[in-house]
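Lettering of chains follows the sequences in order, A, B, ..., and the numbering in each one begins at 1. None of the values given here were measured: they were computed from a predicted structure.
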Protein chains: 2
Amino acid sequence: MSAKDSELTGVKEIARRANVSRGTVDRVIHNRTGVSQKTIDIVNAIIKELDYQPNIFARSLASKKQVVFAVLIPGVSLETNYWEEPLLGITEAGAEISPYGITLKKYLYDLNDKKSFLEQIALIDLSTVQGVLLAPSFIEESEHFVKKLESRKIPYVFINSDIQGHDSLSYFGPDLYKSGYLSAHLMKYLVKEGEEILIVNISKEIDNQHHLLRKEEGFRNYFIDKKLTNPILKIDIKQTDYAYVSKSIEDVLQRHHVAAVFVTNSRVSTVAKYLKRSGAANRLLIGFDYTKENLAYLKSGDIDFLICQKPREQGYKGLMALYQFVVHAKVGEKNNFMPIDIITSENCDFYIN
Amino acid sequence: MSAKDSELTGVKEIARRANVSRGTVDRVIHNRTGVSQKTIDIVNAIIKELDYQPNIFARSLASKKQVVFAVLIPGVSLETNYWEEPLLGITEAGAEISPYGITLKKYLYDLNDKKSFLEQIALIDLSTVQGVLLAPSFIEESEHFVKKLESRKIPYVFINSDIQGHDSLSYFGPDLYKSGYLSAHLMKYLVKEGEEILIVNISKEIDNQHHLLRKEEGFRNYFIDKKLTNPILKIDIKQTDYAYVSKSIEDVLQRHHVAAVFVTNSRVSTVAKYLKRSGAANRLLIGFDYTKENLAYLKSGDIDFLICQKPREQGYKGLMALYQFVVHAKVGEKNNFMPIDIITSENCDFYIN
DNA sequence: CCTTTCTTCGTGCACGTGAACGTTTATTAC
DNA sequence: GTAATAAACGTTCACGTGCACGAAGAAAGG
């Protein structure tokens, strides 16, 4: 750590102990050719023994190589500007580490369009990339992509939603199951026993987004765990425009007496809009994310609660974790669940995304 | 920014343009002696023109100097472990920047003892310190200290509470006035018009801690702004032990019919303890901070709301701001108010301090 | 045995800055 | 005017690492 240990550390010391030159040690460290297996083993043993950490200052000085991170997340869409926030956090972290020679390349895909996800992936030149930060919105395609990353030994960090069973460096985002669970908990307080509850999934790609599915699972399991008898209805709405959404909701509300609505993503404002216009705003409405539209309906009383999970921090911390690993070889926690913030009209003015 | 600009930047280029040697430029940059005023002016002009930013890698490589930051905050006390959290954030940031040669020196004082604050200050050897992160709990003493820092041109960052009118680099903490204001807002929802409200300040050094005073001010002003008629009582309790606190509260409660209690700091658990024991827990109780004790009373229903303001993040961001300034000469926002989180028994399990 | 080729390794320069040391020029003292 | 001193500036090495170049030795082929 301290500068005085210089005689006991560094490539020079390793070389001295191994009775080889600095160049040879360097070759071992960088897995370059031209070293006998015997020497490799000796050097590696000493590296391990000394717990050698390369001096990143000297390294960056000597090498003109820039470290490049690819960022693969949704862009802002017409229906929601949610993804502005993670991007802000990412940009902030990017600015912080840019003095250390890190460059970001951003690839923004359309959350409504699986094809654009693949297109953006195709644009990433993996041979020039030392790490990837991604939101794995489409399960299968993401899995395929991260397998490619793994085979190339490129570290990657998930944000916003996780894919289990893969060797990601870490995950920063909600505990999806628990956010659904908490939403149910909140709802229980405000509906009476036996009243009907409606779950609304709005997404062109519902089946591919386990994001929504996990939340629904958590929500339902709360009612099961607590042995509550409220009937739970559900609709999947695969078009995101207002006309289609409102019609779908209307359909259900005509046939059922729904006391509370749970929208599994930030599209809750679309539902709020309909409920308000149709004069049915007295129903309890819970949804996700502190977007501009949602905020307006929260303030007007049409949305009762918004669940929010620090989108900006997800981006910031996700990128930082990647940086800490790639540059400093520091491994942090694998799962980093964001707090589940409950936003109401009372505290919304003080919330920071 | 990029490595290719190397010919156009750096000390070498400055020297070339000024027709002097690198050594002379170096002397100007570091305000060392041995350069004529004329040369100094020329070099400085060029530095400004080129917007020269020293290469921190080369700098740290060449210089064995360690950067030292002093951290001056309260230690954990018997009554509250609140200060664990800022310290955690500080330690986390410290670990992150330690590869860049930053060392922390921690000076923990007793929040209940003004003398210990002065003692810790006396321990700080300012000639070895390049920056200070502090919680200015005692107004006058803090002012005196930061004046000394200013005269030595040592940058400093406030956390937790701010002192106006000083040249701090920045502030990370609550907008005290607004947190009082929001508390009042919450309280309004749950008391009826005309019911009596009690403000409780618990601290050995109330008069010195504008922390408490500003919160009270915000709280009172809400009721004034909204033209509410609830009588507002107040007690200052200058001993922090349970016996004394409970007696003080009991005193008031016997003489008044109090519907709601607002405790201006984390000592709210002491009040909760009394209310619970005395069987008077049906009163609304609002206080501050996500401490272990408070959490227990929140879950048991004896505390209704906790206002919390990211103590850990205050520490983390405060130290980072200091680092960004000292090492990268980056100036961020001066006032960084933390979000005002409302913790209830519903979301407390998901909160991150 | 000599030449060629390949494997294995050592040496030296470069990165941009800090700082000690050396050199030149200007100033002062006698 | 000369020596002594001070002021102003130039030169050089060091920091730890990456990388190009080339050397030494072993292996292979004739």
Side-chain angles (χ1 to χ4, degrees), chain A residues 1-44 46-47 50 52-67 99-101 130 327-329, chain B residues 1-44 46-47 50 52-67 99-101 130 327-329:
Chain A
M1 193 96 350
S2 110
K4 290 162 195 166
D5 303 338
S6 49
E7 297 139 17
L8 302 172
T9 181
V11 167
K12 213 159 55 185
E13 171 67 11
I14 298 172
R16 197 184 62 76
R17 297 204 189 194
N19 261 324
V20 294
S21 72
R22 300 184 298 111
T24 300
V25 175
D26 192 61
R27 276 181 277 266
V28 173
I29 290 174
H30 295 91
N31 293 315
R32 271 183 270 136
T33 58
V35 191
S36 69
Q37 191 56 49
K38 202 179 109 190
T39 311
I40 291 179
D41 293 340
I42 295 175
V43 170
N44 273 330
I46 297 178
I47 286 178
L50 291 181
Y52 165 71
Q53 302 289 55
N55 181 319
I56 65 143
F57 296 116
R59 168 168 289 182
S60 319
L61 232 205
S63 146
K64 310 122 221 302
K65 242 190 247 156
Q66 288 264 330
V67 175
Y100 306 131
Q130 280 76 46
V327 178
H328 297 293
Chain B
M1 190 93 357
S2 110
K4 291 162 194 167
D5 304 339
S6 50
E7 299 137 16
L8 302 171
T9 182
V11 167
K12 212 159 56 183
E13 172 67 11
I14 298 171
R16 196 184 62 75
R17 295 204 190 196
N19 261 323
V20 294
S21 71
R22 302 188 302 113
T24 299
V25 175
D26 191 62
R27 275 181 279 264
V28 174
I29 290 174
H30 295 88
N31 293 315
R32 271 184 267 134
T33 58
V35 191
S36 69
Q37 190 57 49
K38 202 179 107 191
T39 311
I40 292 179
D41 293 339
I42 295 175
V43 170
N44 273 331
I46 296 178
I47 287 178
L50 291 182
Y52 166 70
Q53 302 290 59
N55 181 318
I56 66 143
F57 295 118
R59 168 168 287 179
S60 317
L61 230 206
S63 150
K64 312 122 221 301
K65 240 189 247 159
Q66 286 265 332
V67 174
Y100 308 130
Q130 280 75 47
V327 177
H328 297 294

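With sequence neighbours excluded, the residues satisfying side-chain contact (heavy atoms from CB on, under 4.5 Å) with A:Thr24 are A:Val20, A:Ser21, A:Arg27, A:Val35, A:Thr39. Contacts of B:Asn44 classified as side chain to side chain donor-acceptor pair (under 3.5 Å), with partners at least two apart in sequence or in another chain: none. Contacts of B:Asn55 classified as side chain to side chain donor-acceptor pair (under 3.5 Å), with partners at least two apart in sequence or in another chain: none. With sequence neighbours left out, B:Arg17 forms a salt bridge (charged side-chain N to carboxylate O under 4.0 Å, His left out) with B:Glu13, B:Glu49. Take A:Val67 and apply the side-chain contact (heavy atoms from CB on, under 4.5 Å) test, not counting sequence neighbours, and it matches A:Phe69, A:Ile102, A:Gln130, A:Val326. For B:Tyr100, the side chain to side chain donor-acceptor pair (under 3.5 Å) criterion is met by A:Tyr323, A:His328, not counting sequence neighbours.
As a whole-Å value, the separation of A:Arg32 CZ from D:dC21 P is 13 Å. What separates CG of B:Asn55 from P of D:dT17 is a distance of 16 Å, to the nearest Å. Put simply, CD on B:Gln53 is 15 Å from P on C:dG16, counting in whole angstrom units.
Checking A:Ala58 against A:Lys65, the closest nucleotide of DNA chain D that is more toward the 5' end is the one next to A:Ala58.
In the region residues 17-27 of chain A, proximity to DNA chain D at under 4.0 angstrom, judged on heavy atoms, holds for A:Arg22, A:Asp26.
With rounding to the nearest 0.5 angstrom, the CD1 atom of B:Ile47 is 12.0 Å from the CD1 atom of B:Ile42. Here the CD1-CG distance, from A:Ile46 to A:Asp41, works out to 11.5 Å after rounding to the nearest 0.5 Å.
One finds a side-chain N or O of A:Ser36 lying less than 4.0 angstrom from the OP1 or OP2 phosphate oxygen of C:dC9. For C:dT17, one of the phosphate oxygens OP1 or OP2 lies less than 4.0 angstrom from a side-chain nitrogen or oxygen of B:Tyr52. Distances shown here put a side-chain N or O of A:Thr39 below 4.0 Å from the OP1 or OP2 atom of C:dC9.
The overall bend of the helix from C:dC1-D:dG30 to C:dC30-D:dG1, read as the angle between its terminal helix axes built from five base pairs each, is 60° when rounded to 10 degrees.
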